[in-house]
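Worksheet for the structure shown next.
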Amino acid sequence: MKIWAHRGCSQNYPENTLTAFEKAAALAQKGLTGIELDIQLTKDGHMVVCHDEKVDRTTDGTGELRNFTLAELKKLKIDAGNGTYERIPTIEEVLDLLADRLKSGFRLNIELKNSVFPYPGMEEKIIALVREYGVEEGIVYSSFSALSVERIRKINPKAQTGILDTKVSDCLYKLKGGCGADALHPFWRGIDLPKERLEGYTVRAWLSGHLYPEKPTGTKLDLSLLEAQGITDVFLNEPERYLG
Ligand code: G3P
Ligand code: CA
């Protein structure tokens, strides 16, 4: 089972922050496959890393991210505990942090958060930037939007892609319906097809819940049970708990 850090190490550090990504990158030597994060566009066209369309949950600001310029967003504080703060990172800051690792096998799944607001032009922008950094080999692009995945594949046919949905059957439906994609990215509880139907596919399943500062509850997942369902990779909020 390949393990990825979902929004970085997002159980013990604020999600989608440079600290969460630094902590995850340090797990590369323990076998972490890569990091997943979410990108959106600011009012002035910068790509920033943030999960929600609104800044309310993760920062001290309010309103839709797309209505902020980068300079305005950078003023917002992300509470990191003990009086310390993080800022919403740009994707450039994350690529600066990870570029060397991405050239030597570590991976980054960039989810384009564009199914609520389409953010026209984001596909072109991220593909051009990844090319500039020379890290194409390490990147997997994903989206819940089949049109966006299709667009990425059209712009760069060599780009690695994953199609997101809750149920794996819906991921497969979108893939076969024309978006292509190299991998299926379902919710971990959304495996509604028998393993035989998933043979030959890369199936990267994501978990939800238990994000910083919420304390973890429940027992450790038995990853072999996920593997038995045909899942090949898993995005975990607390990958550090699963790596030796
Ligand atoms: O990319 C996998 C997963 O992150 C998709 O769901 O809501 O956590 O972005 P969400
Ligand atoms: Ca995501």
Side-chain angles (χ1 to χ4, degrees), residues 1-18 20-21 24 32-41 47-59 64-66 78 88-89 91 94 98 106-119 122-123 126 130 138-149 152 159-172 174-175 179 181-191 201-212 214 216 221 223 226 229 231-239 242:
M1 179 66 73
K2 290 182 177 149
I3 297 177
W4 298 66
H6 187 226
R7 310 183 199 176
C9 287
S10 56
Q11 168 65 82
N12 295 309
Y13 308 93
E15 69 184 69
N16 281 334
T17 59
L18 289 176
F21 300 139
L32 189 78
T33 295
I35 294 171
E36 187 266 1
L37 54 74
D38 310 280
I39 61 165
Q40 301 184 56
L41 285 186
M47 289 176 283
V48 291
V49 183
C50 185
H51 178 271
D52 298 2
E53 285 78 15
K54 291 176 93 174
V55 298
D56 303 44
R57 180 178 61 87
T58 53
T59 77
E64 288 174 0
L65 181 148
R66 63 179 181 156
I78 299 171
I88 293 177
I91 190 66
V94 180
L98 300 179
F106 197 60
R107 309 196 75 190
L108 178 64
N109 176 196
I110 300 177
E111 181 190 343
L112 285 79
K113 256 306 164 221
N114 53 5
S115 50
V116 175
F117 304 122
Y119 295 121
M122 189 156 67
E123 293 86 356
I126 189 63
V130 162
I139 306 295
V140 177
Y141 301 96
S142 64
S143 175
F144 281 91
S145 162
L147 285 176
S148 183
V149 170
I152 287 162
Q160 290 290 306
T161 52
I163 182 68
L164 278 156
D165 214 308
T166 304
K167 292 179 185 169
V168 76
S169 60
D170 288 330
C171 294
L172 205 50
K174 288 180 184 174
L175 184 149
C179 82
D182 304 287
L184 307 170
H185 287 198
F187 182 47
W188 73 292
R189 290 192 187 277
I191 309 301
Y201 288 103
T202 295
V203 180
R204 302 192 184 102
W206 41 278
L207 276 78
S208 64
H210 305 311
L211 290 158
Y212 178 89
E214 194 189 326
L221 267 182
L223 298 185
L226 274 60
Q229 292 181 279
I231 293 170
T232 58
D233 297 48
V234 66
F235 297 106
L236 297 170
N237 296 349
E238 198 177 21
Y242 292 80

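Counting starts at 1 for both ligands and their atoms, in listed order.
- The shortest N/O to N/O separation between S142 and ligand 1 does not fall below 3.5 Å.
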Intermediate values then yes/no, side-chain contact (heavy atoms from CB on, under 4.5 Å), W4 and N109: CA-CA 9 Å; W4 298 66; N109 176 196; 3.7 Å; yes
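- Within a radius of less than 3.0 Å around the Ca ion (ligand 2), the protein N, O or S atoms are E36 OE2, D38 OD1, E111 OE1.
- Using a 4.0 Å cut-off to heavy atoms of D38, the atoms of ligand 1 that qualify are 9 (O).
- For the pair W188 and L221, the minimum side-chain heavy-atom distance is below 4.5 Å.
- A centroid separation of less than 6.0 Å is found between the aromatic rings of H185 and F235.
- Scanning all heavy atoms of the two residues, the minimum distance from D52 to Q40 falls at O-NE2, 2.7 Å.
- By heavy-atom distance, the residue among E111, H51, R204 lying nearest atom 7 (O) of ligand 1 is H51.
- Side-chain contact between H6 and L207 is absent, with no heavy atoms from C-beta onward closer than 4.5 Å.
- Heavy-atom minimum distance, G162 versus V140: N-CG1, 4.2 Å.
- At least one N/O-N/O distance between R7 and ligand 1 falls below 3.5 Å.
- Nearest heavy-atom pair, N16 versus H51, reported as atom, atom and distance to 0.1 Å: ND2-N, 3.5 Å.
- Atoms of ligand 1 found under 4.0 Å from any heavy atom of H6 (numbered from 1 in listed order, with element): 3 (C), 4 (O), 8 (O).
- Distance CZ/R66 to CG/L41: 11.5 Å, rounded to 0.5 Å.
- Checked against a 3.5 angstrom limit, the closest N/O atoms of E36 and ligand 1 fall inside it.
- Across all non-hydrogen atoms, the minimal contact from I88 to I78 is N-CD1, 3.7 Å.
- Checked against a 3.5 angstrom limit, the closest N/O atoms of W206 and ligand 1 fall outside it.
- Interface atoms of ligand 1 facing K113, defined by a heavy-atom separation under 4.0 Å, are 7 (O), 9 (O), 10 (P).
- Between D233 and R204, at least one side-chain nitrogen of the basic residue sits less than 4.0 Å from a carboxylate oxygen of the acidic one, meeting the salt-bridge criterion.
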